[in-house]
Amino acid sequence: MTMLSTAAATCGLPQQDTLAEVALSRVAAFDSGVPTMLSDLDQLPSIQLGEFTLQFELGEPTAMGKEVAIKELRETPERQKEAAKDLARLLEAEKDLHYPKDNEEWLIRFLRPSKYYPESARDLIKRYYSFKVKHSDVYNNLKPSGEANIFQSNILTVFPNRDQCGRRVLVLELGKRWKHKQVSLDEVFKGAVIFLEAAMLEPETQIHGAVVIFDMDGLSLQQTWQFTPPFAKRIVDWLQDSVPLRIKAIHIVNQPKIFNVVFALFKPFLREKLRGRIIFHGTDRESLHKYMSPKCLPPAYGGILELKRVDGDEWYKLLLKCDTEFDAINSYGYKKK
């Protein structure tokens, strides 16, 4: 979501040190609205952090992104047009679903994680909106301005850079930084949803996906009591079936033994694919570095990245500028009966 990227020798792609420079030079205004957004914003929301500009990457995919899209997602200009047309036709049969018709960028948002199979993309759209109906208590009017508490608690952040594979990195610190009496797990979930909804706007992230780091350092017994089977099922259902984004890995770091009690709640709902992407590292930084290059990790995780952590209140300032986009996102879905 910022204008810096780290590319990817360990992902079978050439190292591209110029990605940051390319990103920084992207145009931040559009003549007829930002293409990937559903609202009528005509300029990319951004805030200045010293010499660093924090904003979303909503331009064309990088050369690296285009290469990955071809190799992993079967993406070509011809297939993109054909699949979007087929998906639009399939959605015409969904009479109870209100969606942004004639918006090809929105269709591509679901086609990319479905590898351009129109039927799979249609099913993903149906699951995405069905999940919102099922959990309407969470999703009703969900937007940044209503969730100040979770961002100001500073337990969620996104790295100001991508990992070596071009993926976004979401970090949740649910140990000693988490004041569970002040911030509920429902609020944590809402914050994660807001971050991933924003990430879904980025073509580069649609292609590469995201990884999640759960930092459980200092998890207490009282905190483990906040987790329940219904909450665990909601999280797993969301990640496995309802997020139109490629969740490539979930890294558990700094977890104490008591974390086993928490993970036991999630286990029954995990299918093999997602379960295989959950990696436990504890305090073993070499283990983490087998999956994430030290070049894209801060010193707290044994890395050498010198970029300052973007705190929750700084993300909040940026996301507040996207409230109208979340209003637009919330305006679509299954019609209330």
Original post:
Is the backbone N or O of S184 less than 3.5 Å from a side-chain atom of W178, with the two atoms forming a donor-acceptor pair by type?
Top reply: no
Subject >> Carboxylate-amine/guanidinium contact K335 E94, below 4.0 Å >> reply: no
Original post:
Any salt bridge between K115 and E72, counting N to O under 4.0 Å?
Top reply: no
**OP:** Report the C-alpha distance between E197 and K132 in whole Å, list the side-chain angles of each, state the deciding distance to 0.1 Å, and finish with yes or no for salt bridge (charged side-chain N to carboxylate O under 4.0 Å, His left out).
**Re:** CA-CA 13 Å; E197 285 279 1; K132 289 189 171 190; 3.6 Å; yes
Subject >> Contact summary for S145 and Y316, nearest pair of heavy atoms >> reply: O-OH, 3.5 Å
Subject >> For D313, side-chain hydrogen bond (donor to acceptor under 3.5 Å, both in side chains) partners two or more places apart >> reply: none
Original post:
Does K66 pair with E75 as a salt bridge, N-O distance under 4.0 Å?
Top reply: no
Original post:
Does the side chain of R246 come under 3.5 Å of the side chain of T205 through a donor N or O and an acceptor N or O?
Top reply: no
Original post:
Is a donor on one side and an acceptor on the other found under 3.5 Å between the side chain of N149 and the backbone of Q182?
Top reply: yes
Original post:
Any ion pair linking K290 and E286 (charged N to carboxylate O, less than 4.0 Å)?
Top reply: no
Original post:
Taking all non-hydrogen atoms of both residues, which atom of V183 and which atom of S153 are closest, and how far apart?
Top reply: CG2-CB, 3.5 Å
Subject >> Aromatic contact, Y128 with F110 (centres under 6.0 Å) >> reply: yes
Subject >> Euclidean distance, I194 CD1 relative to L156 CG, rounded to 0.5 Å >> reply: 9.5 Å
Subject >> Pair R122 + D86, salt bridge at N-O below 4.0 Å >> reply: no
**OP:** Examine distances only and state if a side-chain atom of N154 and a backbone atom of G312 form a donor-acceptor pair shorter than 3.5 Å.
**Re:** yes
Original post:
Is there a donor-acceptor contact under 3.5 Å from the side chain of R177 to the main chain of I155?
Top reply: no
**OP:** May I ask you to say whether D137 pairs ionically with K190, meaning some side-chain N is under 4.0 Å from a carboxylate O?
**Re:** no
**OP:** Would you sort out whether L239 and L274 count as a side chain to side chain contact (heavy atoms under 4.5 Å, CB included), showing the intermediate values?
**Re:** CA-CA 8 Å; L239 291 173; L274 182 59; 4.1 Å; yes
Subject >> Neighbour count >12 (heavy atoms, 6.0 Å) for atom OH, Y117 >> reply: no
Original post:
Minimum heavy-atom separation for R112 to L73, with atom names?
Top reply: O-CD2, 3.5 Å
Original post:
Between F280 and F263, is the ring centre distance below 6.0 Å?
Top reply: yes
Original post:
How close do D311 and E314 get, heavy atom to heavy atom, and via which atoms?
Top reply: N-OE1, 2.8 Å
Original post:
Between H251 and F214, is the gap from one ring center to the other below 6.0 Å?
Top reply: no
Original post:
Got a donor-acceptor contact below 3.5 angstrom from the R79 side chain to the R74 backbone?
Top reply: yes
Original post:
Mind checking whether F326 and Y139 sit in one hydrophobic cluster, side chains of I, L, V, M, F, W, Y counted as touching below 4.5 Å?
Top reply: yes
Original post:
Within the distance-only criterion (no hydrogens, no angle test), does the side chain of Q255 pair as donor or acceptor with the backbone N or O of D217 below 3.5 angstrom?
Top reply: no
Original post:
I258 and S220: which non-hydrogen atoms are nearest, and at how many Å?
Top reply: CD1-C, 4.4 Å
Original post:
Is it the case that one hydrophobic cluster holds both V133 and I235, taking links as side-chain heavy atoms less than 4.5 Å apart, direct or via other members?
Top reply: yes
**OP:** Might you work through the side chain to side chain contact (heavy atoms under 4.5 Å, CB included) test for V158 and V171, ending with a clear yes or no?
**Re:** CA-CA 6 Å; V158 171; V171 181; over 6 Å; no
Subject >> Donor-acceptor under 3.5 Å (D241 side chain, R127 main chain) >> reply: no
Subject >> Backbone of A300 reached by a side-chain donor or acceptor of R285 within 3.5 Å >> reply: yes
Original post:
Mind checking whether W225 and M216 sit in one hydrophobic cluster, side chains of I, L, V, M, F, W, Y counted as touching below 4.5 Å?
Top reply: yes
Original post:
Which value, rounded to the nearest 0.5 Å, describes the distance between S293 atom OG and D163 atom CG?
Top reply: 9.0 Å
Original post:
Is any NZ, NE, NH1 or NH2 atom of the basic residue among E92 and K85 found under 4.0 Å from an Asp or Glu carboxylate oxygen of the other?
Top reply: no
**OP:** Kindly give the heavy-atom pair with the smallest separation between N254 and D215, and that separation in Å.
**Re:** ND2-OD1, 3.0 Å
Original post:
N161 side chain to C296 main-chain N or O, any donor-acceptor pair under 3.5 Å?
Top reply: yes
**OP:** Please say whether more than 12 non-hydrogen atoms of neighbouring residues, nucleotides or ligands are located less than 6.0 Å from CD in Q48.
**Re:** yes
Subject >> Ring centroid separation W238 to F189 under 6.0 Å >> reply: yes
Subject >> Whether K248 side chain and H208 backbone form a donor-acceptor pair below 3.5 Å >> reply: no
Original post:
Salt bridge between R167 and E204, side-chain N to carboxylate O under 4.0 Å?
Top reply: no
Original post:
Do E187 and K181 pass the salt bridge (charged side-chain N to carboxylate O under 4.0 Å, His left out) test, and can you show the C-alpha distance, the side-chain angles, and the key distance before you say yes or no?
Top reply: CA-CA 12 Å; E187 288 178 291; K181 293 182 179 180; over 6 Å; no
